[in-house]
Each structure stands twice: as structure tokens, then as C-alpha cells.
Amino acid sequence: MTEMPETYEASTIETRWREAWRDSDVYRYQGDSDREYIIDTPPPYPTGDLHIGHALNWLYIDFAARYHRLIGDDVMFPQGWDCHGLPTEVKVEENHDIHRTDVPRDEFRQLCIEHTEDQIESMRETMEQLGFSIDWEQEYRTMDPEYWGLTQRSFVEMFEDDRVYRDEHPVNWCPRCQTAIADAEVEPIEREGTLHYLTFPGVDNDGIEIATTRPELLAACVAMAVDPTDERFEDRIGETFEVPLFGQEVELIGDESVDSEFGTGAVMICTFGDKQDVNWWAEYDLELRTAFTEDGHLNELAGEYEGLRIPEAKDAIAADLDGEGYLNEVEPTDQMVGSCWRCDTPIEILSKEQWFVTIDQDAILERGQEVDWIPEHMYDRLEEWTLGMDWDWVISRQRVFATPFPAWFCADCGEPHVAPIEDLPVKPGEAAPSIERCPACGGGDWIPETDVMDTWMDSSITAMVVAGWPDEPFSPTALRPQGHDIIRTWAFYTLLRTEALCEARPWDDILINGMVFGDDGNKMSKSRGNIVAPTEVVEEYGADAFRQSIALGGQPGSDVQFQWKEVKSADRFLTKVWNATRFGRTHFDEETPDITDPALRAADRWLLWRLQEVADDVGAAMDEYRFDAALRQLREFIWSDLADDYVELVKGRLYEGRPGERDAARYTLFIALTASLRMLSPFSPFVTDELWSHLPTKADSIHAASWPDVESPRVDDRDAGELIVDVAEAVRRWKSDQGIALNAELERVELYPEIETSEEYGIDTYDLSNAVNAPVYLRSGTPSIEIVPVEVEVDQRVVGPEFRDQTGAVVQALQDADPARVKREKRRQGEIEVQVNGEVLLVDGEAVTVREEQRAESGEEAALLETEHAQVVVVP
RNA sequence: AGGCGCAUAGCUCAGUGGCAGAGCGCCACCCUUACAAGGUGGAGGUCCGCGGUUCAAUCCCGCGUGCGCCUACCA
């Protein structure tokens, strides 16, 4: 066996194993097994910073991946990168001090790729530091042609299937990013607006006062609306009014969705102030008056206000309304403004020709229901979001760094042409379409599409891509791990696309993780200064301890509060494991694993029994992604049962036992230790691999080993073992209470067991005697020390079902009865007589436990100890 | 405004229709040959409140309160 350092030092160990794993293939997906576990790992946006939220998400993945390898699955833990997108474009513009239009598209794209590669490198380093068992041969980057070619293919297939179309339709538009965005990319921001009360003069009738927060939209006003049941506007529907300042005439319509409680009960309809306007516009076939430009200014329709930015226009028009006498009143109002999720700029709604993907709500939800949601209630979010969708998914973006549409438009008639699959990947700006003549008009000139795809078009096919699409027939991947904040995007779009392209659910299980809060309980934020970087924790305590603290933070799905004290506690536990292994090593040699047919004693059989129980329970918890429960049990077993109880019991045998006795203990300790390390390895992969290497184990790496499967001894062995453990503990406690050294010799210990033991094995006092450092005598009957029954304890589990509504009275009667009588009747008759409401009832003796105390001494100084399975007399 | 989740020791969290649990923190004692980064013991609880179901509720049901999230928020 190798030399083993005396103390646990995370940093040295972790550095060494990181390198070892890098050069090995322990995490490699083999691809030739019928027990596959394929993980649809989230492809993060390469910001260069792998934060603690990522760490939580990836740790759950890693726990699952490592566990599934141990139980013999062929695990694929791939890592993708969702490269495309605006933030990178902005960053590149900053870094190079250029605007994206300053250089040719392809050159700009190249700069973005280089930038992204740096960012990926930095995140990958943190991933390795944290010990994620990613198979880097399964890495993909959405900016690579091999990948975006697949994105294009998915687009073409859906186009040919009429699930993608091109149309003019109002879309969410970010005036700052100057691109269309999807509903999922619009986030509401709370803000205080100003409600303007202004009068629209009537053309041949009285005027009506409306309330609006957006006077700058007056130029785009095309109608007015009131609730048709609103008495204030009885008989006025159909009247015509003149828009202040701009003069166009608009009609008053009646529509129930107007809230008569708000403002004046009358509202102006503009194209477009919000989605409601779009609905009215479509329903009443109103005129389209567009007042805004793509970059957020007013256009020629606004007359003298043309060229003003939207906020400036609001002020200018409000001032003029006031000057002309239209403005009656202003008041502040709280409002929620739909804003761009990338830059928080309030979005506008513009009507634009775009590419759309049709949304089939029912199909998406059906697939969603086929997936196991963990926790279950997270499915509700998908359902709520999906049912609330009222627009199709706009997938075109007016940007550069993204997957290009494989499409051209006929220069003569505008007919779009989409490339066939065999021509992909293709950049339409650099290649002509493979057909020459326009099928619609026969024209021969083609204009390449310059719009690019929404990045969710890339990332919504990850499940398919990792499963080998399109070369292999798709079957659902095992696991999708992700945060709840992107159910409406990543999960939603993936369900949509996998359904559309493969007619299947994308995954069997979806595991939703919560957020990570700071040590102060608040959301991590720069302003609070409570941000903790994973690398910072690793440097201080190591990844192994950090990983445990995250696993114990709560059950998956709930938010996790990062706490330094939990990291420290994990570090202490790992030190314990380190020392326990070091202890074990001093008793092992190369032959220990080969010990056969050992002469197991009660303590050995008990530990093996516990080990099997723990392996089952921990495995069940891991199956259900209950990493918190799994680790908790494991810690309890290792610390309490193995390190405290068992080791203390068998030290005597290990140090001084005869060879056969010693071997049984060595064997048991070896089995328990190596099994514990294996079960712990998903949580703390570094130190467990290190400790594994210091033990005479067969497999090279603990991560190539298998989940423990221990032959379980019989249940009656458990009781006999528990008795030994309990008694040893009781005597130790008594010594501690008496101020006696724990290793002090005692005159003798007398044992009065209260359990049945098997014929094969009686009570085994050998180890106990060593542990308490006294001769142990097995006695029957009751201790010679006088003991007095003092209290009757009632088990309501027995009494309740039998006596139903008399339970309370029965319990009371038992507790009031003379404990000595209860004890006597229980022993002699097996049942106890009680009087309840003048009636005599018989209670099963099983229902009561009579607590006794020692009251007198009989000559010799002695102490009576009570344990669950025995009474113990200690003679010092 | 609707929907969902949460509420248990000082803190962070498990848990169960039948006497309430862990880690950390706190107090006291103990260097016992793997480990003082340890061991032993202790203090500390209206299991958010009110009703209901039940022999029995921290657990199941209803209502309420507080917190968090999702969705719609309205001109």
C-alpha cells in the first residue's frame, strides 16, 4: 500500500486527482450498453463566469451521473455551450471599440467566436475544479457549423412540415437591441408611470375623457373603447372623435375587456401600445398606424415630433396637450412595463415580417405530462405558461452572431426559398441557393436572408443532439436538469421541438433546481456584497466539502442558502473519514480483501447488517434525486455506526485478537470502509479516490467501482449486535458521567438481556468486554440490585386501534395505576387489568413499558444501567 | 388579482397519523493508543394561528396570517 499523509489536505489531493482524471477515461461514455443514462446537460451561455447557481445545477447532475456509473449504467455527461447571442456581440464591440456594422459580418462573427472560446476556457476550468465528471469528448458548441447545421436542419424540417412560416405580425421589439424578441424574453419591470387624463373632442358630439400613460402614442391612435355596459357611455358607441394634436378621427367601440373601474373607463387604442391593442386591432379590423421607428424614435407620422426619442416625445406631447387645453389632470400610477430581459429597455410592439414557429399547446402539454417532474409541482409552471401563450414563437432576430436562416428571397417577387437539407450547413450570404430560377416568377436573382435565429432554436434541440439525432432514431434521454426560471424557455421550447421533430418526449425525468442564496439569507447580489464564487470556496476548503454543503442545502427543487458553516462541517466530516481510513489501513494488508469465510462475531454481523440497510436506503434516495437524504444517512452511518460504535467495539480484537478473530474484524472493517467510500464518492469524488488508492482495493479508481452489495446477515443478528453496541455506549456514558477515564478497568459488568437470541448465535460478549475493559458476565432473570418500577409508559399505537374512543381513559388509567402491579401483571398474565368508567378492561401487555429505577444497594457498590435490550449492572 | 410553494430548536434544514430530529451555534466535563478538526453530557420547541376529520394531528382537510416564486396585470 502507498504512503498516506497524516492529515487531510484538500488542496493537494484535489489538484492531483484533477490531473489524473483528465488523462483517464473513467468518465467516458461507451455507447455500447443497453443500460444508458444520457443527461441533457444545460449548455450555459459562455459569460466566462461559472457562478454558484451553475454549481448547484451541475452538482446535482454530477451526483446523479456518478451514482449511475456506480450502479452500472453507461452514463453520458456531455457539456454544451450556448454561444450565440447579443451579449457577446456587445462585449466584442466594447473590446474592439467597433460597431458590428464597421466590419464585414463574417469578420465580426469571427471576433465573437474568438471571444467565446476564451470565455468557455475559463468556465471549463471552474468545472474541473469542482470535480464535474463531464465527458469532454461529448462537448458541443452551438457556434460550430456541425451544430448550427443541425439547428438549420431542424428549421428546414419544420418548415417543410408547415410548422415554420413567414408572415407580418406584431412582435415584441427591443428598441435598444433593435431586434424582435419572443414572449419568453419579455420581463415585466415595475415602475412608476404618469397617468394623463385628456379629452378627445367629439366631431359631432360631446368629447370624452380618457386616461393614458402613453401620450406619445397619440399619433398611432386608431380607435377608442369603453365597456358597453358602462352607463356613463350609454348610447355613445359609434360616435366619432378627434385625436388631440394629431387630428385623425377615431370611432368609439364597445368591448368588454375594458376595465370601467380604471381611469375614466374610456381607453384609446393605438397600434401598438400593448398586446390588448393588438387584439382589438385584429378583432375590429382597425387601421395600422405605426408611429415608432425600429430604434425607438417617433417617425414621420408624428409630424413635428418626428425624430424625438420615446421618453422625450412623452414629455413634449404632454406639455403641448397641456398648452392646448386637452390635458385635464395627471397623477402617478404604478405600472408593470414589459421589458427586454437582456437590457431592461421597455419593449414596443411593431408589426414586422418575421419567421414564426407555430405553437401547439396541447401537444406540448401532452409531452410535458409524459415527463417525470421533480419536484412534481414544477409541471404547473409549464402548464400555466403554455396555456397563456397567445402568439406564435417569433424566431427571427436582427443580429449577427447566431445561426443563419438557410433562406433567400427572390429579388423580383420576394418569394422565399429555403435550402434543402442536403445543402446544410449554409450561410446564405456566402452561397447562392441550389435552385436557379424562382419557382414563383422565374426570376434569377436571390437576396440572402440576413436575419438570424433566436438562440433558443439552437438550445431547444440539445436533447436530440446528445441522443444522436438525426443519425440515430430518437429515444428520450434520461435526465434534464435545469433551473425553474427557464421552464418557460428552455424546457418549453425543447418539449415543443422534440415533439415537432421526433414526436417524442425529450427526457424521462426533469430535475428542477432552486436558486442559491447568500450566507445572509438574501439573494446574491453585487449591491449586497454577499456573492460567493465557487472558486473561492474551493480554495478555502476544497471542492469535496463544498459539494457536500450544497447537497445538504435542501431537497432538490428548493432554494439553497449557501453557508460557510456547512462547508466547515463537511470539512470536519471528511477529516473524520480520513482518520477512520488511516486507522483501518494500519490493520489491513494486501491479503485483507481476499479473506474468505471469516468467523464473524455479533458486532461484525451487526455492522454488515447496518451497511446493507444503509446501502439500500441511500440507493433509494439517490434514485429519487434526494441527495440531501442520501448524504445525511451516509454521514450518520460513517460517523456514528462505523467510526464510533463499531471501531470502538473491535479495537481489542484488532490489536490483540487471535488471527481468526482479528481477521473477522479486519474483513468487516474493510468491507464497511470501502463500501462507505464508494457511496460517498458521488458527493466527494476527490478525497474518496485518494483514500481508495491508499487501501488494498482492486479497481484502479473508485469511480470505476460499483455500488455496494453486501450479503445481509439475519435480522436476529441485528438485535444481538445492537445490544452489544447499546451496552458499550451505556457503559462509556456512565464512565464519562462518573468522571472515570473511558479506558479505566472495571471489576465486572453483568448483563441481563431482554431479547431472544438465535440458537446459532447467543449473546456475544467478547468485543463488549474489550470495549468496556471489564469481564462481562451473562446473567438471566433480574439484577440483584433492587429496582423499583416508577412509571408506566403507554404505547398508543397498541392501545389506540383497540380501544378507539376509550383510548384516552385507558391511557390515563394505566398511567395512574401502580407501576409495580402493572409490571407484575404484564409478566405473569401478559395483560393488565384497568378500570375505566366502572368497567374492567384488559390491556395487552405489549402496550406498556414499565420504567424502573434502582433504589437500593445490596452490599457491593454497583450501578444499574438501562438499555433498550438489556439491563446492565456495572461493578467498578 | 389568480396559481403554486414554504412556515418545525438561536441559525440552516430533515421527518412522521401514535413520547419531536440532525448539523452548526451555546454551556459543562474529558488529551480514552485513527481523529481535541476529537469524545461525553446538557440547555433550548404553542412543530405560524383558528377551526374540522380521528381514539389520536406537527403530519390529513378548510379558513386565516406571513414570506417566496410563477402568471396576468390592465390604457
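Since this is a predicted model, take the numbers as computed values, not measurements. Lettering follows sequence order; numbering is per chain, from 1.
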Q: May I have all residue pairs that pass salt bridge (Lys or Arg N to Asp or Glu O under 4.0 Å) and include part of residues 555-567 of chain A, sequence neighbours excluded?
A: none

Enumerate all atom pairs, one protein N or O and one N or O from nucleotides 65-69 of chain B, separated by less than 3.5 Å.
| residue | atom | partner | partner atom | Å |
| --- | --- | --- | --- | --- |
| C69(B) | OP1 | K523(A) | NZ | 3.4 |
| C69(B) | O2' | R381(A) | NH1 | 3.0 |
| C69(B) | O2' | R381(A) | NH2 | 2.7 |

Q: Please measure how far the C1' atom in C69(B) lies from the corresponding atom in A56(B), and state the result in whole Å.
A: 36 Å

Q | Pairwise C1' distance for C70(B) and A14(B), with rounding to whole Å | A |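 Between the two C1' atoms, the distance is 26 Å.
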
All side chain to side chain contact (heavy atoms under 4.5 Å, CB included) counterparts of [X], not counting sequence neighbours:
X	value
T849(A)	E793(A)
N773(A)	K735(A), E745(A)
E256(A)	P228(A)

Q. Could you write nucleotides 36-42 of chain B as a row of B, S and -, 5' to 3', where a protein heavy atom under 4.0 Å of any base atom gives B, of only sugar-phosphate atoms gives S, and otherwise -?
A. -BSSSS-

Look at the side chain of [X] against the base of [N] and say whether a donor-acceptor pair falls under 3.5 Å; ignore hydrogens and angles.
X	N	answer
Q548(A)	G23(B)	no
D259(A)	C74(B)	yes
K568(A)	C24(B)	no

Q) With a 6.0 Å cut-off on ring centres, are Y625(A) and Y60(A) close enough? A) no

May I ask you to say what [X] touches in the nucleic acid, namely base, sugar-phosphate or nothing, with a heavy-atom cut-off under 4.0 Å?
X	value
P375(A)	nothing
G273(A)	nothing
F803(A)	nothing

Q: Could you tell me how the ring of W578(A) sits relative to the ring of H694(A): parallel (under 30°), tilted (30 to 60°) or perpendicular (over 60°)?
A: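 Judged by the thresholds at 30° and 60°, the geometry between W578(A) and H694(A) is perpendicular.
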
Q.
Does the plane of the ring in F683(A) sit parallel, tilted or perpendicular to the ring in F63(A)? Use 30° and 60° as the thresholds.
A.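 F683(A) vs F63(A) ring planes: tilted.
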
Q. Is E729(A) paired with R733(A) through a side-chain N to carboxylate O contact shorter than 4.0 Å?
A.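 Judged by the 4.0 Å cut-off on N to carboxylate O distance, R733(A) and E729(A) do form a salt bridge.
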
Q: Could you tell me whether R626(A) and E624(A) make a salt bridge, using a distance below 4.0 angstrom between a side-chain N and a carboxylate O?
A: no

Q: May I ask you to list the residues of residues 626-634 of chain A, by number, that have any heavy atom positioned under 4.0 Å from an atom of RNA chain B?
A: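 Output list: R626(A), R632(A).
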
Q. When you measure from every atom of RNA chain B, which of residues 805-816 of chain A have a heavy atom less than 4.0 Å away?
A. D805(A), T807(A)

Q. Can you tell me if the side-chain N/O atoms of R488(A) get under 4.0 Å from OP1 or OP2 in U71(B)?
A.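 So the side-chain polar atoms of R488(A) do come within 4.0 Å of the phosphate oxygens OP1 or OP2 of U71(B), strictly under.
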
Q. What residues, two or more places apart in sequence or in another chain, satisfy side chain to side chain donor-acceptor pair (under 3.5 Å) together with D726(A)?
A. none

Q: Return the set of residues passing side chain to side chain donor-acceptor pair (under 3.5 Å) with D255(A) (not counting sequence neighbours), or none when no residue passes.
A: S257(A), W280(A), Y284(A)

Distance-only donor-acceptor pairs under 3.5 Å for side chains of residues 381-390 of chain A, two or more places apart:
| residue | atom | partner | partner atom | Å |
| --- | --- | --- | --- | --- |
| R381(A) | NH1 | H484(A) | ND1 | 3.3 |
| E383(A) | OE1 | Y379(A) | OH | 3.0 |
| W385(A) | NE1 | R488(A) | O | 3.3 |
| T386(A) | OG1 | L382(A) | O | 2.6 |
| D390(A) | OD1 | K275(A) | NZ | 3.2 |

Q: Send over the distance from E384(A) CD to G5(B) P, rounded to a whole Å.
A: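 Rounded to whole Å, this separation is 12 Å.
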
Q. Could you state the CD-P distance from Q563(A) to C24(B), rounded to the nearest angstrom?
A. 12 Å

Q | Dot-bracket summary - RNA chain B, pairs being Watson-Crick or G-U whose distances fall under 3.5 Å, with | when paired to another strand | A | (((((((..((((....[..)))).(((((.......))))).....(((((..]....))))))))))))....

